[in-house]
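Only this structure's heavy atoms are used, side chains among them; waters, hydrogens and symmetry mates stay out. Just so it is clear: chains get the letters A, B, ... in the order the sequence lines come, proteins before strands, and each one is counted from 1.
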2 protein chains.
Amino acid sequence: MWYVTTTDAFLADCRARLAFDLLTNTWNPVVLWALREGPRRPVELRERIGGISSKVLTETLRRLRYNGLVTRRTPPDTPSAVEYGLTPLGRTLLTPIDAFGAWAFEHGDEVMAAQEAACRPTAAEHHSPSHSPATPASSLRQNQA
Amino acid sequence: MWYVTTTDAFLADCRARLAFDLLTNTWNPVVLWALREGPRRPVELRERIGGISSKVLTETLRRLRYNGLVTRRTPPDTPSAVEYGLTPLGRTLLTPIDAFGAWAFEHGDEVMAAQEAACRPTAAEHHSPSHSPATPASSLRQNQA
DNA sequence: CAGGATCCCCCAAGATACTG
DNA sequence: CAGTATCTTGGGGGATCCTG
């Protein structure tokens, strides 16, 4: 990812790509979202998110801290504990992320339907018999539900 | 990524994760964005986007087609050409993506500032001399500008 | 419980070369 | 120019063990 200068204002802009890079990471948006309601301890985060290992969570949080989106503080009352929370900057990211959440709720079914339709060619499709492209039927799927 | 059922409505919802998975890919959002103004041919896409190889572009487009976000058609006037465009469903994704673009323009500088600040500890920081955590100073950065 | 250190796997993405 | 086929690699992410 090396930020070429083109004529397109959005695609060429470093900051735009930077925002995408923030998203591009598997756990970044999920963790940010999990912090939306307030500071949380790692254990809470892990059980709220589900499917994330302790190591990866730590890495993700450190990355987010590095980018100024997350704070780490050890509450004075229980010095052994740790709490992660959103910075003001991180909080501003919730709006765009929320937009995606809303989109998912609205159109998620359509995506899944499209995926299924793509798998089963509906049999109404007359394909040149010798030329069946034989799409590997994998590596297209984004996730393995 | 295996979709655990927790109490959190958003994190547990398969469709929400699905939307994140759509974003999580490096080139998906960029390509979608590049198609925002109308159908484009692969060459155009490559020069508009910049830094994407022919192979990866093809893969990305196929993936997006698989998810019902992009159409591929060969225009009747020039049967040798190919054009990719957004489906109605794909078009709906532009809104959330746009939200991120807007965020990037507004807060991109702050992120970069935070990164710099994290690199240079500003010298005002009194760190326990023997305990310098020696953070690897890499693998935190999302991109290598 | 927090989180560092290690080892390992796998796949997205790059480079290159070839077909239509 | 569009797309495929190989080969290769970097690094994200899982598993496991070990410390404070």
Side-chain angles (χ1 to χ4, degrees), chain A residues 1-2 4 17 20-31 39-47 49-66 70 72-75 78-84 128 131-136 138-144, chain B residues 1-2 4 20-31 39-66 70 72-75 78-84 128 130-144:
Chain A
M1 184 81 70
W2 39 286
V4 186
R17 294 265 176 129
F20 280 157
D21 288 344
L22 248 35
L23 279 189
T24 275
N25 188 74
T26 310
W27 295 107
N28 280 9
V30 183
V31 169
R40 290 278 181 274
R41 303 188 44 197
V43 226
E44 305 176 81
L45 285 176
R46 292 190 55 196
E47 56 195 24
I49 293 176
I52 187 175
S53 74
S54 162
K55 170 205 164 195
V56 173
L57 176 62
T58 305
E59 286 172 348
T60 305
L61 287 168
R62 192 185 321 163
R63 214 181 306 134
L64 293 173
R65 269 206 294 162
Y66 176 81
V70 156
R72 171 201 153 111
R73 51 178 284 260
T74 91
T78 42
S80 73
V82 187
E83 252 188 11
Y84 290 91
S128 43
H131 245 272
S132 57
T135 316
S138 62
S139 76
L140 293 173
R141 181 170 292 105
Q142 295 283 345
N143 49 58
Q144 46 280 20
Chain B
M1 183 80 69
W2 40 286
V4 187
F20 280 159
D21 289 343
L22 248 33
L23 279 189
T24 276
N25 188 73
T26 310
W27 295 108
N28 280 8
V30 183
V31 169
R40 290 277 182 276
R41 302 188 44 197
V43 225
E44 306 176 82
L45 285 175
R46 292 190 54 195
E47 57 194 23
R48 293 195 70 194
I49 293 175
I52 187 175
S53 73
S54 162
K55 171 202 159 196
V56 174
L57 176 61
T58 306
E59 287 172 349
T60 305
L61 287 168
R62 192 183 321 166
R63 215 181 306 135
L64 292 174
R65 269 207 293 161
Y66 176 81
V70 157
R72 172 202 153 111
R73 50 178 286 260
T74 91
T78 43
S80 74
V82 187
E83 253 187 13
Y84 289 91
S128 42
S130 56
H131 244 275
S132 57
T135 315
S138 61
S139 75
L140 293 172
R141 182 170 289 103
Q142 295 282 347
N143 49 58
Q144 46 282 20

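- Smallest separation of non-hydrogen atoms from B/Tyr84 and B/Pro42: CE1-CG, 3.8 Å.
- One finds the CG atom of A/Leu23 at 12.0 Å from the CG atom of B/Asn28 (value rounded to the nearest 0.5 Å).
- The two residues B/Glu83 and B/Pro39 make their nearest non-hydrogen contact at OE1-CB, 3.5 Å.
- Of the candidates C/dA12, D/dT4, D/dC1, D/dC1 carries the atom nearest the B/Val43 side chain, counting heavy atoms from C-beta on.
- The CZ atom of B/Arg40 sits 14 Å away from the P atom of D/dA2 (whole-angstrom rounding).
- Closest approach to the B/Trp27 side chain among C/dA13, D/dG3, D/dT4 is made by C/dA13 (side chain taken as heavy atoms from C-beta onward).
- Rounded to whole Å, atom P of D/dC1 lies 16 Å from atom CZ of B/Arg72.
- For B/Val56 and A/Arg46, each mapped to the nucleotide of DNA chain C holding its nearest heavy atom, the one lying further toward the 5' end belongs to A/Arg46.
- OP1 or OP2 of D/dT4 sits under 4.0 Å from a side-chain N or O of B/Arg62.
- Atom P of nucleotide D/dG11 and atom CD of A/Glu59 are separated by 13 Å, given to the nearest angstrom.
- The CZ atom of A/Arg40 lies 11.0 Å from the CD1 atom of A/Ile49; values are rounded to the nearest 0.5 Å.
- Residue A/Ser54 is in base contact, counting any heavy-atom pair closer than 4.0 Å across all strands shown.
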#### Entry: Protein-to-nucleotide contact annotation, 5' to 3' order, nucleotides 15-20 of chain D [B base; S sugar-phosphate only; - none; under 4.0 Å, heavy atom]
B-----
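- Between B/Val82 and B/Arg72, the shortest heavy-atom contact is CG1-CG, 3.8 Å.
- Put simply, CG on A/Leu57 is 13 Å from P on C/dC1, counting in whole angstrom units.
- A heavy-atom distance below 4.5 Å is found between the side chains of A/Leu61 and A/Leu45.
- Here the side chain of A/Arg41 is nearest to one of D/dG3, C/dA13, C/dC1, namely C/dC1.
- When rounded to the nearest whole Å, the span between CG of B/Asp21 and C1' of C/dC11 equals 14 Å.
- When rounded to the nearest whole Å, the span between CD1 of A/Ile52 and P of D/dG14 equals 7 Å.
- When all heavy atoms of B/Thr74 and B/Ala81 are compared, the closest pair comes out as CB-O, 3.4 Å.
- C/dA2 atom P lies 11 Å from atom CD of A/Glu83, rounded to whole Å.
- Look at CG on A/Asn28: it is 10 Å from P on D/dG12, rounded to the nearest Å.
- Distances shown here put every side-chain N or O of B/Asn25 at or beyond 4.0 Å from the OP1 or OP2 atom of C/dC11.
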